[in-house]
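Computation of the quantities below employed the complete heavy-atom set of this structure, encompassing side-chain atoms and omitting hydrogens, waters and symmetry-equivalent molecules.
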Amino acid sequence: MIIEQIYTGCLAQGAYYIESEGEAAVIDPLREPDPYIERAERNGAKIKYIFETHFHADFVSGHLDLAKKTGATIVYGPNAETEYEIYQGKDGEKFKVGKLTIELIHTPGHTLESSCYLLYDENGKPHALFSGDTLFIGDVGRPDLAQKKGVLTKEDLAGMLYDSLRNKIMPLPDDVIVYPAHGAGSACGKNMSKETWDTLGNQKKTNYALQAQTREEFIQKVTEGLLPPPAYFAKNAQINKKGYEKSYYDVMAQARPLSVEAFETAANETGAVVLDVRDKYAFAEGFIPNSIFIGLDGQFAPWVGALIPDLMQPILVVAPEGREEEAVRRLSRVGFDNTIGYLDGGFEAWKAAGKEVDTLPYVTAAEFAERLKKGEVKQILDVRKPTEFQGEHVEGAVNFPLDFISQRMQEVSPNEEYYLHCRSGYRSTIACSILKARGFDKLVDVIESFDKIKEAGVPVTDYVCPSTLKEQQTD
């Protein structure tokens, strides 16, 4: 028996490869099918099933391309209606993979079709639960993504989730290993652990959602404090229901290396977003004017999905040498299939050609502290999430969450100077790049971490003005 968790940190997502006696199954595959195909080919195995736990909202599944390449059957649970061919499994239905048995357990709540897959070993003993977004380590799936106005509320779905967990999951043996679809960093839950697996018994002891409580108490706990989901979630869910127009291979093939001249022409003629995916320091020291920074070495795909509203938006990439295809691949994972090319030779080629270059002023935490003491810093924008800001923030800072930067743009003035910071310097650099592209030139990026800001002696507080907090919660 082979069970492999294939974890992708950028999306905090776990896909799974299971193999026995020359047969294999894949659970919740990412967009690119090759990693799963290569695993099977190495062992001389054939992928028989592709099990989907639900219609994913945070990434585009690779099930269609994987099924086409391998002949595997795509399996969803009850209530899954698609515009492509699937096998809609029944609650309690069992599937054979070599000497292993996989049972579909319908667990509506996160979504109506949500299902878990219980793996029985060669001896028929329950061994592992692939819990999708029904049960995370430390949390459960948010119940607000599949609500339907006038039909289903998040409270209705939370009630279904309570029933699914109590009646279907918690009665399973304590030694069953729980393998969820996501971990900390995913927006599919609110309290996920950094651990990527655990035993069900330990989750019964430590997961707040599995403690003894009434149905009403559970509903209240899982629905409180939910931030609005990223804008791309609904669009990715629709792609997973309807299927994608371009195969993964077509997406990769269309993104070609472009000379400086061809890149500039494409940017001018197509209205493409120029997406700079380099390191934050490299970007700050020089970038193509009006380009947007979202670095590969961060939560790249989720931030692209949250900040670029149109999945069909043409994109041109500026990447470190050797990472161009990685950028295109990671864009495709969240449904951005219109990357038309990348700058051959990277930013250095642009600079060598004598093209116009912009820069972003930035300071270290120590420099920021010194300027504060001298009274040179008048306005501070903290671009972290409201919950982070409420926990602790620089005195006098205003919460200006990156998630909602487009909606809050009218609150800042291009005539004022702002110092922007976040937890690590990643989000503040993104925010600065977006504001710069929209004509805000008086920006300074505090490029080091919030911990270093505190170490530099900058005063912090957890006090939030009630009126300001109310405004933030409304946004």
Could you give all pairs that pass the ring pair (Phe, Tyr, Trp, His ring centres under 6.0 Å) test and reach residues 14-35, with sequence neighbours left out?
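Output for this query lists Tyr16-Phe130, Tyr16-Tyr179.
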Test: ring pair (Phe, Tyr, Trp, His ring centres under 6.0 Å). Region: residues 30-54. Which pairs qualify, not counting sequence neighbours?
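Qualifying pairs: Tyr49-Phe51, Tyr49-Phe95, Phe51-Phe95, Phe51-Tyr117, His54-His56, His54-His110.
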Can a donor-acceptor pair be found between the side chains of [X] and [Y] at a distance below 3.5 Å?
X: Thr82; Y: Lys242; answer: no
X: Asp58; Y: Gln13; answer: no
X: Tyr248; Y: Asp337; answer: no

Is the closest basic N to carboxylate O distance between [X] and [Y] below 4.0 Å?
X: Asp91; Y: Lys168; value: yes
X: Glu325; Y: Arg329; value: no
X: Asp344; Y: Arg256; value: no
X: Glu113; Y: Lys241; value: no

Lys69 NZ/CZ over Tyr249 ring centroid, <6.0 Å and within 45° of normal:
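Yes.
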Neighbour count above 12 (heavy atom, 6.0 Å) for [X] [atom1]:
X: Arg423; atom1: CZ; value: no
X: Glu245; atom1: CD; value: no
X: Glu85; atom1: CD; value: no
X: Lys190; atom1: NZ; value: yes
X: Glu81; atom1: CD; value: no
X: Glu122; atom1: CD; value: yes
X: Lys96; atom1: NZ; value: yes

Between [X] and [Y], is there a donor-acceptor pair closer than 3.5 Å when you use the side chain of the first and the backbone of the second?
X: Ser186; Y: Gly183; result: no
X: Ser131; Y: Thr134; result: no
X: Asp28; Y: Glu52; result: no
X: Asp276; Y: Phe293; result: no
X: Arg166; Y: Arg215; result: no
X: Thr111; Y: Ala146; result: no
X: Glu19; Y: Met1; result: no
X: Gln5; Y: Thr196; result: yes
X: Asn79; Y: Leu112; result: yes
X: Arg438; Y: Ser406; result: no

For [X] and [Y], work out which heavy atoms get closest and say how close.
X: Leu104; Y: Lys90; result: CD2-O, 3.6 Å
X: Gly141; Y: Leu161; result: O-CD2, 3.5 Å
X: Ala272; Y: Ile315; result: CB-N, 4.2 Å
X: Leu296; Y: Ala327; result: CD2-CA, 3.9 Å
X: Cys432; Y: Leu443; result: O-CD1, 3.6 Å
X: Asp133; Y: Ala181; result: OD1-CB, 3.3 Å

Verify whether the ring centers belonging to Tyr362 and Tyr281 lie closer than 6.0 Å.
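For Tyr362 and Tyr281, the ring centres are under 6.0 Å apart.
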[X]: which residues meet the salt bridge (Lys or Arg N to Asp or Glu O under 4.0 Å) condition with it, sequence neighbours left out?
X: Asp156; value: none
X: Glu93; value: none
X: Lys385; value: Asp403

Quick one: pull up [atom1] in [X] and [atom2] in [Y] and give me the separation to the nearest 0.5 Å.
X: Asp297; Y: Asp279; atom1: CG; atom2: CG; result: 7.0 Å
X: Ile2; Y: Ser20; atom1: CD1; atom2: OG; result: 8.5 Å
X: Ser114; Y: His106; atom1: OG; atom2: NE2; result: 7.5 Å
X: Ile37; Y: Ile47; atom1: CD1; atom2: CD1; result: 6.0 Å
X: Ile86; Y: His63; atom1: CD1; atom2: NE2; result: 8.5 Å

Worked check of side-chain contact (heavy atoms from CB on, under 4.5 Å) between Leu420 and Phe400:
CA-CA 9 Å; Leu420 283 75; Phe400 191 72; 5.5 Å; no
Would you be so kind as to tabulate the donor-acceptor pairs closer than 3.5 Å made by side chains of residues 299-307, with sequence neighbours excluded?
unit_1, atom_1, unit_2, atom_2, d
Gln299, NE2, Gly185, O, 2.9

Can you sort out the partners of Phe55 under ring-ring contact (aromatic ring centres under 6.0 Å, His included), two or more places apart, ordered by chain and number?
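ring-ring contact (aromatic ring centres under 6.0 Å, His included) check on Phe55 returns Tyr76.
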So if I apply the side chain to side chain contact (heavy atoms under 4.5 Å, CB included) rule between Leu311 and each of Asn338, Asn236, Leu331, which one comes out positive?
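Answer after filtering Asn338, Asn236, Leu331: Asn236.
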Exactly one of Ile294, Ile292, Thr429 should register a side chain to side chain contact (heavy atoms under 4.5 Å, CB included) with Ile434. Which one does?
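For Ile434, the side chain to side chain contact (heavy atoms under 4.5 Å, CB included) check succeeds only for Ile292.
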What residue pairs, at least two apart or across chains, pass salt bridge (Lys or Arg N to Asp or Glu O under 4.0 Å) with a residue in residues 305-322?
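Residue pairs with at least one partner in residues 305-322: there are none.
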Can you list the steps and then say if Glu388 with Arg427 is a salt bridge (charged side-chain N to carboxylate O under 4.0 Å, His left out)?
CA-CA 13 Å; Glu388 296 174 275; Arg427 283 176 284 177; 2.8 Å; yes
Provide the full list of side-chain hydrogen bond (donor to acceptor under 3.5 Å, both in side chains) pairs with a residue in residues 262-274, sequence neighbours left out, each pair given once.
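Found Glu264-Lys355.
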Phe450 vs His421 aromatic rings, parallel, tilted or perpendicular, using cut-offs 30° and 60°?
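It falls in the parallel class, under 30°.
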side-chain hydrogen bond (donor to acceptor under 3.5 Å, both in side chains) partners of Glu448, counting only residues at least two apart
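By the side-chain hydrogen bond (donor to acceptor under 3.5 Å, both in side chains) rule, Glu448 matches no residue at all.
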Who pairs with Ser332 by side-chain hydrogen bond (donor to acceptor under 3.5 Å, both in side chains), at least two apart in sequence or on another chain?
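Per chain and number, Ser332 pairs via side-chain hydrogen bond (donor to acceptor under 3.5 Å, both in side chains) with no residue.
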Sequence-distant partners of Glu155, side-chain contact (heavy atoms from CB on, under 4.5 Å), two or more places apart
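side-chain contact (heavy atoms from CB on, under 4.5 Å) check on Glu155 returns Thr153, Ile219.
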